[in-house]
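Just the heavy atoms: all of them, side chains too, but no hydrogens, waters or symmetry mates, feed the values below. Quick caveat: nothing in here was measured; it's all calculated off a predicted structure. Read the numbers this way: they start at 1 and go in the same order the structure lists the ligands and their atoms.
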Amino acid sequence: MPILSRENYWILETDHTAYALGVNARGLLVHAYWGARLPYAADYPTPPAADDYASFSGFGHLSPEEYPGYAGAKYTEPCLKTTFADGVRDAVLRFDGAEASAGANPALRIILRDVHYPLTIVLGYRVHERHDLIERWAEIRNDGDAPVMLERAWSALWHLPWGGQYRLTHLFGRWMEEWQIRRELLQPGVKVKESRRLTTSHNANPWFALDRGGADETQGEVWFGVLAWSGNWKLAAEVTDYGATRVGIGVNDWDFAWRLNAGETFTTPASVAGYTIGGFGAASRTLHDFARDRLPHGKTLHPVLYNSWEAVFFDVNEAAQMAVAERAAQMGVELFVMDDGWFHGRTIDNAGLGDWWPDEQKFPNGLTPLIERVNALGMDFGLWIEPEMVNPDSDLYRTHPDWVIHFPTRARTEMRNQLILNLGRTDVQDYLIARLDKLLAEHNIKFIKWDMNRNVSEPGWPDAPGDARELWVRYVQGVYRVWSTLAQRHPQVLWQSCSGGGGRVDYGMLQMVDQFWVSDNTEATARLGIQEGFSQLMPAITMESQVTHMGRPLMSLPFRFHVSMMGVLGISDDLRKWSEADLVTGAELIALYKEIRPIVQLGNQYRLLPAQGQGFTAVQYVSKDKAAGVLFVFRVHIPEPARLPPIYLQGLEPEARYAIDGFDAVRSGAAWMHLGLRFDLGNGESTVRRIRRVA
Ligand code: DGJ
């Protein structure tokens with residue numbers, strides 16, 4: 001029974017974990033337990049009740065409320081902050097009922113109501129039993145006649161078990177250097193991670209992992225989670241003055257307001273979280289499995305792709321595209337993607353965005369002749385778009401200058417010569433749906449790379465129907481509406497989310513996309529670290545990775561391929577300049593990739609040796625049935641003389657016997673996992689080894 005309930009007390013059980021909550025003697029909905037699943041229902045603790053402490057901290061301050069409103073004598077981070085029509089600014093929430101539903105993912109809905117105002121909060125809990133994850137969200141409903149202003153409406157407050165000092169693992173970075181991992185001990189107070197950029201951002205990600213007592217990749221207790229949201233978000237990891245540790249997560253309250261009119265409901269995005277004793281590696285694999293099960297195209301293997309960007313940048317035309325397409329096809333590429341530069345007026349980055357039809361000079365007969373020729377070579381065709389953007393030098397902007405995000409009295413700051421269309425507006429959404437629907441209906445397009453190349457400035461919405469600060473949320477809802485409408489109408493399309501690299505990678509995107517462009521940094525050694533960071537929360541099947549010409553010194557072609565073969569393999573380079581030998585090497589490595597692709601894209605991933613800041617790293621993938629695996633080893637740079645450390649495999653069946661490329665012996669999985677493999681690699685060298693179960 002995934003949801004056990006006794007009077008006003010609920011235990012949500014997954015295969016290996018449990019989460020318990022209930023109503024305490026004060027009538028507050030409080031957290032009771034989150035951790036390993038326990039043998040008996042009676043094992044779980046009762047909901048804690050707190051008393052006032054001295055005259056400085058009320059009982060609310062000391063209670064682990066599941067969804068605290070800002071009210072009373074409470075000074076820790078609340079989930080909800082409201083202003084009622086009469087100016088009252090606190091939300092006194094009390095339990096008022098619950099209902100549980102069965103089904104594939106059983107759910108619990110708990111109702112809280114304000115003690116005076118007709119404001120209802122429904123807290124949703126969904127149990128993902130097999131994935132060992134709990135999903136939470138909140139629905140805030142105005143049952144009265146007067147509007148209520150929401151100034152904070154988070155998705156969840158995740159309470160960690162009492163005691164011990166927790167370490168927070170989080171991600172930070174910047175454009176070209178996303179996905180850097182940081183671990184730090186939480187101190188009393190609040191550690192905030194957030195985005196104020198309108199999108200998820202390159203700078204941080206709404207993902208967290210907390211451990212106490214030193215978890216590592218293979219062992220230790222880790223509590224981890226994500227927020228499924230693609231706009232401004234905030235994560236507050238708080239250690240209270242009484243030593244309680246909790247993580248609040250949701251839409252950012254920075255510059256946020258939402259006017260909740262009579263009868264309306266505001267539904268927060270979901271936060272999904274879990275617990276494991278298997279360390280950071282197991283935490284990642286749990287999320288990988290969950291993400292893979294959510295992908296719009298399920299477990300369909302992703303094709304090897306070619307992308308024109310690093311080869312020709314804006315200089316696209318049919319002849320140049322065909323010249324590289326022929327070589328790509330010859331090497332075994334399955335999908336040919338034409339990047340930026342193909343549409344009306346687009347010769348450089350100062351014009352064209354918004355005018356989504358083929359440039360008349362570059363493609364006088366439209367795109368169909370090129371698509372047909374690409375198809376004749378045996379490849380599918382894909383295209384780049386950046387729908388949320390407009391260049392002032394475009395027909396769209398000349399017709400609708402009021403459609404961009406702006407303040408009327410301020411200059412419209414351009415970044416990369418572009419402005420952002422206000423996708424909070426339904427007329428903008430409808431225009432984009434119609435335009436892009438036509439593009440997709442008229443062409444045989446199997447893949448779309450949806451880009452977004454700047455962050456917001458002057459976040460104004462002069463004629464907003466509600467509070468102009470709703471922009472932050474309505475924009476994202478608009479992106480979701482446009483994108484998912486197109487995805488539903490064109491199910492043959494595989495969508496990739498790109499935002500100048502990894503600026504919009506999150507679980508909210510997974511309702512539309514199967515793939516992310518992880519970083520514009522394709523330098524192979526930097527990429528090892530970037531991919532390691534990305535793998536904390538997303539599986540390899542969602543990670544397109546390209547072999548390009550970036551880097552000084554340029555790593556060898558096999559090294560660059562090996563790095564990219566750890567995700568969805570892509571190539572973006574001017575193949576007209578590749579030697580015959582390079583084309584042969586490329587073809588061989590693409591063939592090898594196709595062989596190992598099911599293991600990489602659908603198997604379990606093990607980060608055997610860390611990559612960031614290290615000179616020697618290794619990653620292993622094992623098929624779900626443990627019949628096959630593949631090991632990637634990279635020596636970036638370790639000064640000589642060096643004796644490289646052994647590599648201990650993981651995830652094999654201990655009793656089964658395995659053979660590994662390059663090793664004569666056939667040994668048990670246990671032996672390969674305990675003996676350690678040694679490799680003789682020079683600086684800048686790498687190797688890929690297949691692992692096969694032989695008995
Ligand atoms: C930024 C993307 O990250 C690149 O891969 C490329 O598509 C360019 N935009 C095109 O403008």
Test side chain to side chain donor-acceptor pair (under 3.5 Å) applied to Tyr593 and Ser564, step by step: CA-CA 10 Å; Tyr593 178 71; Ser564 294; over 6 Å; no
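- The distance from ligand 1 to the heavy atoms of Gly501 drops below 4.0 Å at these ligand atoms: 3 (O).
- Of all protein heavy atoms, the one closest to atom 9 (N) of ligand 1 is Asp451 OD2, 2.7 Å.
- Taking every heavy atom of Cys498 and a limit of under 4.0 angstrom, the matching atoms of ligand 1 come to 2 (C), 3 (O).
- Between atom NE2 of residue His202 and atom CZ of residue Arg174 there is a gap of 11.5 Å, rounded to the nearest 0.5 Å.
- Near Trp517, the atoms of ligand 1 lying under 4.0 angstrom from a non-hydrogen atom of the residue are 3 (O), 5 (O).
- Nearest non-hydrogen protein atom to atom 11 (O) of ligand 1 is Asp340 OD2, 2.6 Å.
- The protein heavy-atom contact nearest to atom 3 (O) of ligand 1 is Asp520 OD1, 2.3 Å.
- Note on ligand 1: Arg416 sits in its first shell, one or more heavy atoms being nearer than 4.0 Å.
- Phe313 is not listed as a side-chain neighbour of Ser308, based on a closest heavy-atom distance of 4.5 Å or more.
- Ligand 1 lies within reach of Lys449, whose nearest heavy atom is under 4.0 Å from it.
- For atom 6 (C) of ligand 1, the closest heavy atom belonging to the protein is Asp339 OD1, 3.4 Å.
- Between Glu310 and Arg560 there is no salt bridge, since no side-chain N of the basic residue sits under 4.0 Å from a carboxylate O of the acidic one.
- Under 4.0 Å from ligand 1, the heavy atoms of Asn453 that appear belong solely to its side chain.
- Expressed to the nearest 0.5 Å, how far CG of Asp427 lies from CH2 of Trp403 amounts to 5.5 Å.
- Taking the six-membered ring for Trp, Trp342 and Phe314 have ring centres at least 6.0 Å apart.
- Residues Val568 and Gln601 share a closest heavy-atom pair of CG2-NE2, 3.9 Å.
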